[in-house]
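Notes follow the structure.
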Amino acid sequence: MIYLKTDEEVELLREANLLVGKTLAELAKAIKPGVTTKQLDAIAETFIRDNGAIPTFYGFPNPKGEPFPASICASVNYQVVHGIPNDTPLQEGDIVSIDCGTQLNGYCGDSCYTFAVGEISESVQKLLTVTKEALYKGIEQAVVGRRLGDISYAVQSHCEAEGYGVVREFVGHGIGKKMHEEPKVPNFGKRGNGMLLKNGLCIAIEPMITMGTKEVYMQEDRWGIVTRDKKPAAHFEHSVCVRKGKADILSSFEEIEKVLREKQ
């Protein structure tokens, strides 16, 4: 079942999503060589709870019913998604994709940003740049009258033109009172295909893009997803509401990127 949101619900979703952006900005302040992803997880959980919200990832079950043990997914280098925070220090030149979710006043926020740890190579920086560009290319298509496949095609074509892999097994999704609602939002597809986009449809668009092959596999912890060729992967995500003429982006990278500029 697909639920179109009222204007009041969209504003509640915006509040939850803006809190995700603020949480990721707090993590941006702390990300540097030597910091562990488990330390970042503790910062995120404290910040989310101090702001009256619940970290939606904590305890979220995988297909086998096993609960996720943290408040953020922290996926380093060739991990694509769902990395469990650990005690391994981040190193100069790493990248870390931090996916974060909140539930505030009964509505969910969900956003992801891939961070550079210190100085990274030009080739990896290009992967991050193109992946984020693809996110906004997809968002440009999230307007009334277009189809779901228009979003998918925009992401896929932008990334494949640069020779990157587009992960097939994991996709974006609807968002509302639940973190994952219908419809699924793939990062690959054909223009003009799929459901018609209507005013009030709220979805999370999230390109998961690899520097090499699109092939991935699951780690032994039954959570982390990694590239088969061990090449880096990037992941950016916004939650958006479909509107006439222009999509309404409910999450925000503004505070994150303000912190990153100040750190330079």
Side-chain angles (χ1 to χ4, degrees), residues 20-21 23-47 55 57 68-101 111-135 159 162-167 170 187 206-237 253 255-264:
V20 175
T23 304
L24 292 172
E26 288 298 306
L27 300 184
K29 296 173 187 176
I31 291 171
K32 61 182 180 181
V35 168
T36 70
T37 51
K38 195 172 263 190
Q39 288 172 318
L40 297 176
D41 180 60
I43 292 168
E45 180 174 5
T46 298
F47 188 81
F57 292 5
F68 191 74
S71 296
I72 59 171
C73 296
S75 306
V76 179
N77 294 333
Y78 63 87
Q79 276 186 318
V80 183
V81 285
H82 304 161
I84 297 174
N86 59 37
D87 291 316
T88 303
L90 294 171
Q91 297 182 15
E92 183 84 17
D94 284 345
I95 56 172
V96 56
S97 298
I98 299 186
D99 197 352
C100 180
S111 183
C112 181
Y113 199 93
T114 302
F115 296 90
V117 183
E119 295 292 322
I120 61 173
S121 69
E122 284 186 20
S123 60
V124 174
Q125 182 57 60
K126 183 182 176 186
L127 172 68
L128 269 57
T129 299
V130 171
T131 303
K132 190 166 74 165
E133 288 172 351
L135 169 60
C159 294
E162 299 292 344
Y164 296 140
V166 179
V167 172
F170 298 87
N187 294 305
E206 49 180 322
M208 289 158 267
I209 307 301
T210 66
M211 191 178 278
T213 174
K214 64 180 183 291
E215 305 301 326
V216 297
Y217 68 93
M218 184 177 285
Q219 294 179 293
E220 289 181 4
D221 62 20
R222 290 199 283 269
W223 279 104
I225 302 298
V226 296
T227 57
R228 193 162 288 283
D229 59 9
K230 299 291 192 288
K231 290 185 177 178
H235 180 198
F236 287 88
E237 176 183 18
F253 292 161
E255 293 193 41
I256 300 166
E257 293 178 344
K258 182 173 182 283
V259 171
L260 295 179
R261 285 193 300 270
E262 289 169 354
K263 286 175 73 173
Q264 287 179 349

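- Trp223 is not listed as a side-chain neighbour of Cys73, based on a closest heavy-atom distance of 4.5 Å or more.
- Interatomic distance, CG of Leu135 versus OG1 of Thr131, reported as 9.5 Å (0.5 Å rounding).
- Listed by chain and number, the residues in a side chain to side chain contact (heavy atoms under 4.5 Å, CB included) with Ser75 are Gln79, Ser97 (sequence neighbours excluded).
- With hydrogens and angles disregarded, a donor-acceptor distance shorter than 3.5 Å links the side chain of Asp229 to the backbone of Thr213.
- For Tyr113, the ring pair (Phe, Tyr, Trp, His ring centres under 6.0 Å) partners are Phe115, Phe236, Phe253, not counting sequence neighbours.
- Partners of Thr46 according to the side chain to side chain contact (heavy atoms under 4.5 Å, CB included) rule, which considers only residues two or more places apart in sequence or in another chain, are Asp50.
- By the salt bridge (charged side-chain N to carboxylate O under 4.0 Å, His left out) test, Arg222 is found to be paired with Glu66, residues two or more places apart in sequence or in another chain being considered.
- Annotation: salt bridge (charged side-chain N to carboxylate O under 4.0 Å, His left out) contacts of Glu119 (sequence neighbours excluded): none.
- Annotation: salt bridge (charged side-chain N to carboxylate O under 4.0 Å, His left out) contacts of Lys231 (sequence neighbours excluded): none.
- Here Glu237 contributes atom CD and Cys100 contributes atom SG; the two are 10.0 Å apart, rounded to the nearest 0.5 Å.
- For Tyr78, the side chain to side chain contact (heavy atoms under 4.5 Å, CB included) criterion is met by Val226, Thr227, Lys230, not counting sequence neighbours.
- Not counting sequence neighbours, Lys32 has no partner by the salt bridge (charged side-chain N to carboxylate O under 4.0 Å, His left out) test.
- The side-chain contact (heavy atoms from CB on, under 4.5 Å) test with Leu90 is passed by exactly one of Ile95, Val76, Thr36, Asn77: Val76.
- Here Lys258 does not pair with Glu255 in a salt bridge; the nearest charged N to carboxylate O distance is not below 4.0 Å.
- For Ala42, there are no side chain to side chain contact (heavy atoms under 4.5 Å, CB included) partners at least two apart in sequence or on another chain.
- Here the side chains of Val80 and Phe170 are not in contact, with every heavy-atom distance at 4.5 Å or above.
- Atom CD1 of residue Ile72 and atom CG of residue Leu24 lie 8.5 Å apart, to the nearest 0.5 angstrom.
- Not counting sequence neighbours, His235 has no partner by the ring pair (Phe, Tyr, Trp, His ring centres under 6.0 Å) test.
- Pairs engaging residues 77-94 under the salt bridge (charged side-chain N to carboxylate O under 4.0 Å, His left out) rule: Lys38-Asp87 [sequence neighbours left out].
- Here the closest non-hydrogen pair linking Ala30 and Leu40 is CB-CD2, 3.9 Å.
- Between the CG atom of Leu260 and the NZ atom of Lys29 there is a distance of 11.5 Å, given to the nearest 0.5 Å.
- For residues 122-134, the salt bridge (charged side-chain N to carboxylate O under 4.0 Å, His left out) pairs, not counting sequence neighbours, are Lys126-Glu162, Lys132-Glu257.
- Although no hydrogens or angles enter the test, the distance criterion places a donor-acceptor pair under 3.5 Å between the side chain of Asn187 and the main chain of Glu206.
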